[in-house]
Student: 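Mind having a look at this structure? Questions to follow.
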Amino acid sequence: MRIPVPFNEQDHAAMRLAIDASEEALKRGDMPFGATLVAPDGKVLMTAMNNQNTAADCTGHAEMVLVRRAQKELGLEAMRGATVYASGEPCAMCCGAMFWGGIGRVVYAASTAQIGDALGGPQLPLRAADVVQDSAPAVSVEGPLLGTEAVVVLQRFGA
């Protein structure tokens, strides 16, 4: 695990893309979650959004959509050591997909607790950092970053 450092402008910009994607997902009728993939050199590679409803896929979480698309369109090597910015703290399923994709760092906006408070319903209350705690290679999990902005979008779901 890397030692957390203060978030920089690049972190904020990438997270805003993920939160923008969460708003787009909400407009489409999907759960309001988005994710951004950024290469180790800082280049934004792609953004994805939740598609559980529009694709009729219960595994269509934004991070899963992102990992699947990135491997198909960019190749697995493009994810090695990359960062995923997620509008919501990733669940255990998404953490596993990101680990197997070679993601080295995950930054989230809304925490698992904030997501539960905003959405209610079924919850898998595992913290992302706990899921990847002893992974090898290590995956760094940091957050929240812009959590309040992400929660505002979550609260509009079902409203």
Side-chain angles (χ1 to χ4, degrees), residues 1-55 57 59-112 114-115 118 127-129 131-132 135 137-157:
M1 298 278 266
R2 76 184 196 73
I3 297 171
V5 296
F7 295 114
N8 60 35
E9 287 181 35
Q10 178 182 315
D11 293 323
H12 282 83
M15 185 60 77
R16 283 203 170 84
L17 291 173
I19 293 170
D20 290 347
S22 74
E23 291 186 46
E24 286 302 311
L26 181 63
K27 288 177 189 173
R28 288 188 342 187
D30 285 303
M31 297 290 289
F33 295 99
T36 305
L37 178 65
V38 177
D41 68 2
K43 179 181 178 190
V44 174
L45 299 174
M46 71 175 47
T47 300
M49 63 189 85
N50 182 294
N51 68 5
Q52 287 177 277
N53 295 332
T54 55
D57 178 2
T59 68
H61 295 193
E63 302 90 339
M64 293 291 290
V65 173
L66 186 74
V67 167
R68 288 177 183 142
R69 232 181 90 209
Q71 182 170 0
K72 189 177 277 187
E73 296 176 18
L74 305 173
L76 193 56
E77 194 57 37
M79 287 189 282
R80 300 276 181 229
T83 299
V84 169
Y85 294 84
S87 66
E89 186 172 0
C91 72
M93 172 183 70
C94 293
C95 287
M98 289 185 291
F99 169 79
W100 292 114
I103 300 301
R105 179 180 179 229
V106 176
V107 180
Y108 65 86
S111 69
T112 298
Q114 289 173 309
I115 295 167
R127 302 291 316 265
V131 175
V132 298
S135 64
V139 178
S140 171
V141 178
E142 302 169 23
L145 169 63
L146 303 178
T148 302
E149 291 181 30
V151 168
V152 167
V153 180
L154 291 170
Q155 290 171 333
R156 291 199 332 253
F157 183 75

Student: Would you check if Met15 and Asp11 make a side-chain contact, meaning some heavy-atom pair closer than 4.5 Å?
Tutor: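 The answer is no, as the side chains (C-beta and beyond) never meet within the 4.5 Å cut-off.
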
Student: I'd like to know whether Tyr85 forms a side chain to side chain contact (heavy atoms under 4.5 Å, CB included) with Arg105, so could you lay out the CA-CA distance, the side-chain angles of the two residues, the decisive distance to 0.1 Å, and finally the verdict.
Tutor: CA-CA 9 Å; Tyr85 294 84; Arg105 179 180 179 229; 3.2 Å; yes

Student: Just how far is it from atom OG of Ser87 to atom CE of Met31, taken to the nearest 0.5 Å?
Tutor: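 Result: 10.5 Å between the selected atoms.
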
Student: Which atom pair, heavy atoms only, marks the closest approach of Pro40 to Gly81?
Tutor: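 Where Pro40 meets Gly81 most closely, the heavy atoms are CG-O, 3.4 Å.
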
Student: Taking the side chain as everything from C-beta on, heavy atoms only, tell me whether Met46 gets closer than 4.5 Å to Leu74.
Tutor: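 Yes, their side chains come closer than 4.5 Å.
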
Student: Could you tell me the separation between the CZ atom of Phe157 and the CG atom of Leu26, rounded to the nearest 0.5 Å?
Tutor: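 So the gap between those two atoms works out to 7.5 Å.
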
Student: Do Leu146 and His12 touch side chain to side chain, with heavy atoms closer than 4.5 Å?
Tutor: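 A side-chain contact under 4.5 Å exists here.
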
Student: Would you say Glu73 has more than 12 foreign heavy atoms packed within less than 6.0 Å of its CD?
Tutor: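 Yes - once you tally the heavy atoms of other residues, nucleotides and ligands closer than 6.0 Å, there are more than 12.
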
Student: Compare all side-chain heavy atoms of Val65 with those of Asp57 and state whether any distance is below 4.5 angstrom.
Tutor: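 Not touching, per the 4.5 Å side-chain cut-off.
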
Student: Please tell me if the side chains of Thr59 and Arg68 come closer than 4.5 Å, counting only heavy atoms from C-beta onward.
Tutor: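 Yes, their side chains come closer than 4.5 Å.
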
Student: Please find the pair of heavy atoms, one from Ala18 and one from Thr36, that lie closest to each other, and give the distance.
Tutor: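 Distance-wise, the nearest heavy atoms are N-OG1, 3.2 Å.
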
Student: First locate atom CG of Leu66, then atom CE of Met49, and finally report the distance between them rounded to the nearest 0.5 Å.
Tutor: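 The CG atom of Leu66 sits 11.0 Å away from the CE atom of Met49.
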
Student: Assess whether side chain to side chain contact (heavy atoms under 4.5 Å, CB included) is satisfied between Val139 and Met98, documenting all intermediate values.
Tutor: CA-CA 9 Å; Val139 178; Met98 289 185 291; over 6 Å; no

Student: Taking side chain as C-beta onward, heavy atoms only, is Gln155 less than 4.5 Å from Val151?
Tutor: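 Yes, side chains in contact.
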
Student: Is there a side-chain contact between Tyr108 and Val84 (heavy atoms, below 4.5 Å)?
Tutor: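 Side-chain contact under 4.5 Å: no.
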
Student: Measuring from atom SG of Cys94 to atom CD of Glu89, what distance do you get when rounded to the nearest 0.5 angstrom?
Tutor: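 So the gap between those two atoms works out to 11.5 Å.
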
Student: Treating Thr83 as the side-chain partner and Val38 as the backbone partner, does any N or O pair qualify as donor plus acceptor under 3.5 Å?
Tutor: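 Judged by distance alone, no pair lies under 3.5 Å.
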
Student: Using every non-hydrogen atom in the two residues, find where Pro90 and Ala86 come nearest and quote the distance to one decimal.
Tutor: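 Taking every non-hydrogen atom into account, CG-CB, 4.1 Å.
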
Student: With side chain to side chain contact (heavy atoms under 4.5 Å, CB included) as the criterion, how do Phe33 and Leu154 come out once you've worked through the C-alpha distance, each side chain's angles and the decisive distance to 0.1 Å?
Tutor: CA-CA 8 Å; Phe33 295 99; Leu154 291 170; 3.6 Å; yes

Student: Any luck finding a side-chain donor-acceptor pair between Asn50 and Gln52 under 3.5 Å?
Tutor: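 A donor-acceptor contact under 3.5 Å links the two side chains.
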
Student: Provide the closest heavy-atom pair for Gly101 versus Met79 in the form atom of the first, atom of the second, distance.
Tutor: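 Minimum heavy-atom separation between Gly101 and Met79: O-CB, 3.1 Å.
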
Student: So do Val152 and Glu149 actually touch side chain to side chain, heavy atoms under 4.5 Å?
Tutor: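 Glu149 vs Val152: side chains apart.
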
Student: Could you grab the distance from atom CZ of Arg127 to atom SG of Cys91, nearest 0.5 Å is fine?
Tutor: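 The SG atom of Cys91 is 13.5 Å from CZ of Arg127, to the nearest 0.5 Å.
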
Student: Inspect the contact between Asp30 and Arg28 and indicate whether a charged nitrogen and a carboxylate oxygen are less than 4.0 angstrom apart.
Tutor: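 So Arg28 pairs with Asp30 through a salt bridge.
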
Student: Could you measure the distance from the CD atom of Glu23 to the CD1 atom of Ile19? Nearest 0.5 Å is fine.
Tutor: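 It is 8.0 Å, given to the nearest 0.5 Å.
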
Student: Restricting to non-hydrogen atoms, name the atom on Ala48 and the atom on Ala62 that form the minimum distance, rounded to 0.1 Å.
Tutor: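 In terms of heavy atoms, the two residues are closest at CB-O, 3.9 Å.
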
Student: Taking all heavy atoms of Ala70 and all of Leu37, pick out the closest pair and write down the distance.
Tutor: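 Smallest interatomic distance, heavy atoms only, reads CB-CD2, 3.7 Å.
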
